[in-house]
Amino acid sequence: MKKKNQMRRADTVVVLDFETTGLSPTMGDRAIEIGAVLVEEGRVTDRFQELMNPGFRISGFIESYTGITNAMLRNAQPCDEVMDRFANFIQGHNLVAHNASFDRRFLDAELERINRSYTGQFACSMLISRRIYQDAPNHKLESLVRFRHIETDGTFHRALADSEMTAKLWLLILEDIRQRYDISETPFSLLQTVSRTSKTAVHRFLSTR
DNA sequence: TGCCAGGCCCTCTTTAGGGCCTT
């Protein structure tokens, strides 16, 4: 029983997604929305979603791309306050994001500003999808949602909606690996290894588990 | 108005270049 509970804790992840003013925190870009879901034992048990005011006007492109407007951000709380609460939300959990290198850069940059940190490790649903779903048309989140017939209300490029869909994709990836390779457990460390294994070697790796 | 970065991965590769993905 103890071993089973330990495995369950290892399977707990926070799936997160940032909307931002651009692509690079080192070029001055900031977060404008964070969305995240806590996934425990195969289902979403908690959610986090907040807009945040970056302290400057966002571009028309970002308004159009995300649907988040300057008017919506005018009365939002500053990034520092929102990210302080988000640091509490992710405390102690491993993290998942689609193209995780992007979200990790913004998470690191925003938390560094407020002298907060996190202990969890990242896994990337995009890198794993490239290995597990090699016949997908491409590996954009929206395309994978269609490819795996994931239910959606049609909202994309908003933080909570994208994190919810990434969480559903994550759970399908785990289920597909279990079924395809007859594996009973898919701990976080296994998925991290999959994301680092070459596309040509990943089938052999999982077949020998 | 239009552009910016960075990690991963493939190939016509590794003394490089370019596409994919994220906003």
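In what follows, chains carry the letters A, B, and so on, assigned in the order in which the sequence lines appear, proteins first and then strands, with residues in each chain numbered from 1. No experiment lies behind these values; they were computed from the predicted model shown.
Residue L127(A) is classed as a sugar-phosphate contact, given heavy-atom separations below 4.0 Å to backbone atoms only.
Partners of D84(A) under the side chain to side chain donor-acceptor pair (under 3.5 Å) rule, at least two apart in sequence or in another chain, are R116(A). Scored by the salt bridge (Lys or Arg N to Asp or Glu O under 4.0 Å) test, D176(A) finds R148(A) as partners (sequence neighbours excluded). Every residue was checked against the side chain to side chain donor-acceptor pair (under 3.5 Å) condition with T20(A), not counting sequence neighbours, and none meets it. For E112(A), the salt bridge (Lys or Arg N to Asp or Glu O under 4.0 Å) test picks out no residue, with sequence neighbours left out. In this structure R113(A) satisfies the salt bridge (Lys or Arg N to Asp or Glu O under 4.0 Å) test with no other residue, sequence neighbours excluded. Applying the salt bridge (Lys or Arg N to Asp or Glu O under 4.0 Å) criterion to R105(A), with sequence neighbours excluded, gives no partner residue.
Among residues at least two apart or in separate chains, ring-ring contact (aromatic ring centres under 6.0 Å, His included) pairs with a member in residues 117-145 of chain A are Y133(A)-F147(A). The salt bridge (charged side-chain N to carboxylate O under 4.0 Å, His left out) pairs that include a residue from residues 54-78 of chain A number zero, where partners must be two or more places apart or lie in different chains.
Distance check on atom P: dG6(B) versus dG2(B) gives 24 Å, rounded to whole Å. Atom name C1', nucleotides dT1(B) and dC20(B): the rounded distance is 26 Å, in whole Å. Comparing dG19(B) with dC12(B), their P atoms sit 14 Å apart, to the nearest whole Å. When the P atom is used for both dC3(B) and dC8(B), the distance is 27 Å, rounded to whole Å. Atom name C1', nucleotides dT22(B) and dC4(B): the rounded distance is 14 Å, in whole Å.
Between the P atom of dT23(B) and the CG atom of D103(A) lies a distance of 7 Å, rounded to the nearest Å. Distance CG (D108(A)) to C1' (dG7(B)): 14 Å, rounded to an integer number of Å. Residue R196(A) contributes atom CZ, which lies 14 Å from atom C1' of dG7(B) at whole-angstrom precision. In this structure, CZ of F106(A) is placed 14 Å from P of dT22(B), rounded to the nearest angstrom.
Contacts between residues 25-38 of chain A and DNA chain B, counted as heavy-atom distances below 4.0 Å, involve T26(A), M27(A). Of the residues in residues 57-67 of chain A, those with a non-hydrogen atom less than 4.0 angstrom from any atom of DNA chain B are F61(A), I62(A), Y65(A), T66(A). For DNA chain B, the residues of residues 144-177 of chain A within the heavy-atom distance limit of 4.0 Å (strictly under) are H157(A), D162(A), sorted by number.
Counting non-hydrogen atoms of other residues, nucleotides and ligands closer than 6.0 Å to NZ of K140(A) gives a total of 12 or fewer. For H157(A), the NE2 atom counts as densely surrounded, since its 6.0 Å shell holds more than 12 non-hydrogen atoms of other residues, nucleotides or ligands.
Position along DNA chain B of the nearest nucleotide to T197(A) versus E142(A) favours T197(A) as the more 5'-ward residue. Across the interface with DNA chain B, nearest-nucleotide mapping of T200(A) and R105(A) shows R105(A) to be the residue nearer the 5′ end.
Side chains of D29(A) and T21(A): a donor on one and an acceptor on the other come within 3.5 Å. Defined by atom type and a distance below 3.5 Å, a donor-acceptor pair is missing between the side-chain atoms of T66(A) and E19(A).
The line from CD of E164(A) to OG1 of T155(A) is 10.5 Å long, rounded to the nearest 0.5 Å. A distance of 13.5 Å separates CD1 of I177(A) from CG of D182(A), quoted to the nearest 0.5 Å.
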Enumerate all atom pairs, one protein N or O and one N or O from nucleotides 19-21 of chain B, separated by less than 3.5 Å.
from    : atom 1 : to      : atom 2 : distance (Å)
dC20(B) : O2     : R130(A) : NH2    : 3.4
dC21(B) : OP1    : H139(A) : N      : 2.6
dC21(B) : O2     : N99(A)  : ND2    : 2.7

